[in-house]
K.L.:
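Next up is a structure, given as structure tokens.
For the numbers below, each heavy atom of this structure counts, side chains included, while hydrogens, waters and symmetry mates do not. Naming convention: chains lettered A, B, ... in sequence-line order (proteins, then strands); numbering from 1 in each chain. For clarity, every value in this text was computed on a predicted model and none was experimentally measured.
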Amino acid sequence: MPEGHTIYRLALDLTRDFADQSLKVSSPQGRFTSVDVLDGQTLKRAHAIGKHLFIEFETVEKNAQPAITCVHIHLGLFGKFKKMPKEREPSSSVRLRLDSEDSCWQLTGPTACALINADEFKALQERLGADPLSAAPRSPRAWAKVHASKRSMGALLLDQSIFAGIGNVYRAEILFLLGIHPEMPGNALAKPLFEKLWKLSRTLLLRGVEANRIVTVDGATGRTRKNGTLHAYKQRYCRVCTVPIVKTTNAMRTMYHCPTCQPDRQTKRA
DNA sequence: ATGTCATGATAAC
DNA sequence: TTATCCTGACATA
């Protein structure tokens, strides 16, 4: 499930496998047209902001100083970026393939995969809000936006210009764990509870990076399919109070909440 | 075998 | 608010 944890983990894994190595870079699908610029160049690092992945290459052209060339990738709903056995032949749907001596990664189905210049990177950086994975444990700007908004907490958590990296699964889980009704307006959230929310987002995302999947239930390993790893998202019954989970729509996305554990649409204190 | 929905985001109305 | 893009898993027939 590509929410922020997936992208952060990808950045770590790509950096681990490829940093400071010259790579064979190709687009078997042919839709990443500027891929030639990167072939044979050195990958310096990969990093993430929210659900956006950036891979930086040091590119050297003839008679020119080395420059940094940045690839911007967004998986969207369907994208996958996975490590493959090196001997695997790329299928015709592979948008981007990276090969080192030892490792091979393939990208399929992304919403975005393109070179961007420094200005375009800057614009993205400014468009995105703070990422709980990379930013300080508190985010004054996110608080200011939430505090000033009468939009629902469900909508605000999905807003990438406020919480970069939170997706539909994490929003359901975070609101459940804090007992916040998804329709509660942002301006009704007391500051201490916002601080808790930010810290919890960071904790859960970090756990997601480690497990490489979303785990919000304490003690759930996520290894077996039977022991659920989630509290509310796509769950039938609340595992705390056993009441049926309610399915609604919030900000045009499916929302799940427990009517007993998240009863209160009014002002909430921590 | 066919249809529906999904972790996301954008453009256009 | 809707249509649209990309792909795969699951449900229904």
Side-chain angles (χ1 to χ4, degrees), chain A residues 1-11 13 27-33 35 48-54 71-82 84 88 90-97 105-114 116 120-121 123-129 131-133 151-152 154-177 182-183 201 204-217 220 222 225-226 228-236 245 247-257:
Chain A
M1 300 185 183
E3 299 192 17
H5 68 297
T6 306
I7 313 306
Y8 193 90
R9 171 65 179 256
L10 264 174
D13 289 348
S27 176
Q29 183 193 45
R31 283 181 57 181
F32 183 24
T33 49
V35 73
I49 306 177
K51 300 166 189 164
H52 296 253
L53 176 67
F54 303 93
V71 186
H72 170 228
I73 291 167
H74 195 295
L75 295 180
L77 200 47
F78 310 122
K80 303 255 187 316
F81 203 169
K82 296 202 289 205
M84 294 287 167
R88 172 85 55 91
S91 80
S92 61
S93 65
V94 175
R95 183 78 59 90
L96 173 68
R97 174 162 166 146
W105 285 75
Q106 291 191 163
L107 170 70
T108 54
T111 293
C113 173
I116 55 167
E120 290 166 321
F121 175 75
L124 273 167
Q125 202 175 24
E126 279 164 17
R127 178 158 72 73
L128 295 168
D131 182 340
L133 278 173
R151 294 162 64 204
S152 69
L156 292 168
L157 273 171
L158 285 186
D159 185 335
Q160 298 300 299
S161 72
I162 305 176
F163 300 95
I166 302 294
N168 204 23
V169 180
Y170 274 120
R171 96 161 155 174
E173 296 301 298
I174 289 165
L175 291 178
F176 174 88
L177 286 168
E183 295 300 332
S201 303
L204 294 180
L205 281 162
L206 280 170
R207 200 192 291 185
V209 171
E210 184 142 359
N212 215 358
R213 61 181 298 181
I214 300 176
V215 179
T216 66
V217 174
R225 194 160 292 192
K226 274 195 172 170
T229 59
L230 303 177
H231 286 281
Y233 183 81
K234 271 190 183 168
Q235 303 302 297
R236 203 167 288 170
I245 292 290
K247 186 176 167 182
T248 59
T249 297
N250 178 299
M252 285 169 283
R253 309 289 300 282
T254 313
M255 176 71 211
Y256 300 82
H257 78 276

K.L.:
Treat primed atoms plus P, OP1 and OP2 as sugar-phosphate and everything else as base, then score nucleotides 2-7 of chain C 5' to 3': B for base contact with protein heavy atoms under 4.0 Å, S for sugar-phosphate contact only, - for none.
P.N.:
B---BB
K.L.:
So, A/F54 versus A/H72, ring centres under 6.0 angstrom or not?
P.N.:
yes
K.L.:
Could you give me the CA-CA distance, side-chain angles and deciding distance for A/N168 and A/L158, then say whether side chain to side chain contact (heavy atoms under 4.5 Å, CB included) is met?
P.N.:
CA-CA 7 Å; A/N168 204 23; A/L158 285 186; 4.3 Å; yes
K.L.:
If I take atom CG in residue A/L53 and atom C1' in nucleotide B/dA9, what distance separates them, rounded to the nearest angstrom?
P.N.:
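So the two atoms are 17 Å apart, to the nearest Å.
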K.L.:
Distance check needed: B/dA9 P versus A/L124 CG, whole Å only.
P.N.:
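It works out to 12 Å between those atoms.
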K.L.:
Have a look at A/R127 and say if it touches a base, only the backbone sugar-phosphate, or nothing, with a 4.0 Å heavy-atom cut-off.
P.N.:
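Since only primed, P, OP1 and OP2 atoms lie under 4.0 Å of A/R127, the category is sugar-phosphate.
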K.L.:
Any chance you could lay out the side chain to side chain contact (heavy atoms under 4.5 Å, CB included) test for A/R171 and A/R253, step after step, and finish with the verdict?
P.N.:
CA-CA 11 Å; A/R171 96 161 155 174; A/R253 309 289 300 282; 3.4 Å; yes
K.L.:
Figure out the CD1/P separation between A/I214 and B/dG8, and round it to whole Å.
P.N.:
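Between P of B/dG8 and CD1 of A/I214: 8 Å.
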K.L.:
Please, which pairs that meet salt bridge (charged side-chain N to carboxylate O under 4.0 Å, His left out) have at least one residue in residues 154-168 of chain A, sequence neighbours excluded?
P.N.:
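Sorted pair list: A/R151-A/D159.
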K.L.:
Tell me, yes or no, whether the heavy-atom count around A/E120 atom CD, taken from other residues, nucleotides or ligands under 6.0 Å, exceeds 12.
P.N.:
yes
K.L.:
Taking the same atom, C1', in B/dA1 and in C/dC6, what whole-Å distance lies between them?
P.N.:
23 Å
K.L.:
Using a 4.0 Å cut-off on heavy atoms, which residues in residues 155-168 of chain A reach DNA chain B? List them by number, or say none.
P.N.:
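Per residue number, the list reads A/Q160, A/G167, A/N168.
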K.L.:
Can you find a side chain N or O atom of A/H74 that sits less than 4.0 Å from OP1 or OP2 on B/dA9?
P.N.:
yes
K.L.:
To the nearest Å, give me how far apart CG (A/L128) and P (B/dT10) are.
P.N.:
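It is 9 Å, rounded to the nearest whole Å.
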K.L.:
Taking the six-membered ring for Trp, are A/H231 and A/F176 parallel (under 30°), tilted (30 to 60°) or perpendicular (over 60°)?
P.N.:
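Parallel, since the angle between the ring planes stays under 30°.
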K.L.:
Do any N or O atoms from the side chain of A/N250 and from the backbone of A/A155 form a donor-acceptor pair under 3.5 angstrom?
P.N.:
yes
K.L.:
Please report the shortest heavy-atom distance between A/L75 and A/P2, naming the atom on each side.
P.N.:
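That closest heavy-atom pairing would be CD1-CB, 3.9 Å.
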K.L.:
When you compare C/dC5 with B/dC13, how far apart are their P atoms, in angstrom units rounded to a whole number?
P.N.:
15 Å
K.L.:
Using only side-chain N and O atoms of A/K51, determine if any of them is under 4.0 Å from OP1 or OP2 of B/dA9.
P.N.:
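Result: yes.
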K.L.:
Over how many whole Å does the gap from A/R253 atom CZ to B/dC5 atom P extend?
P.N.:
15 Å
K.L.:
Distance check needed: B/dG8 P versus A/H52 NE2, whole Å only.
P.N.:
11 Å
K.L.:
Quick check against the 3.5 Å criterion: does A/Q235 have a side-chain atom that pairs as donor or acceptor with the backbone of A/Y233?
P.N.:
yes
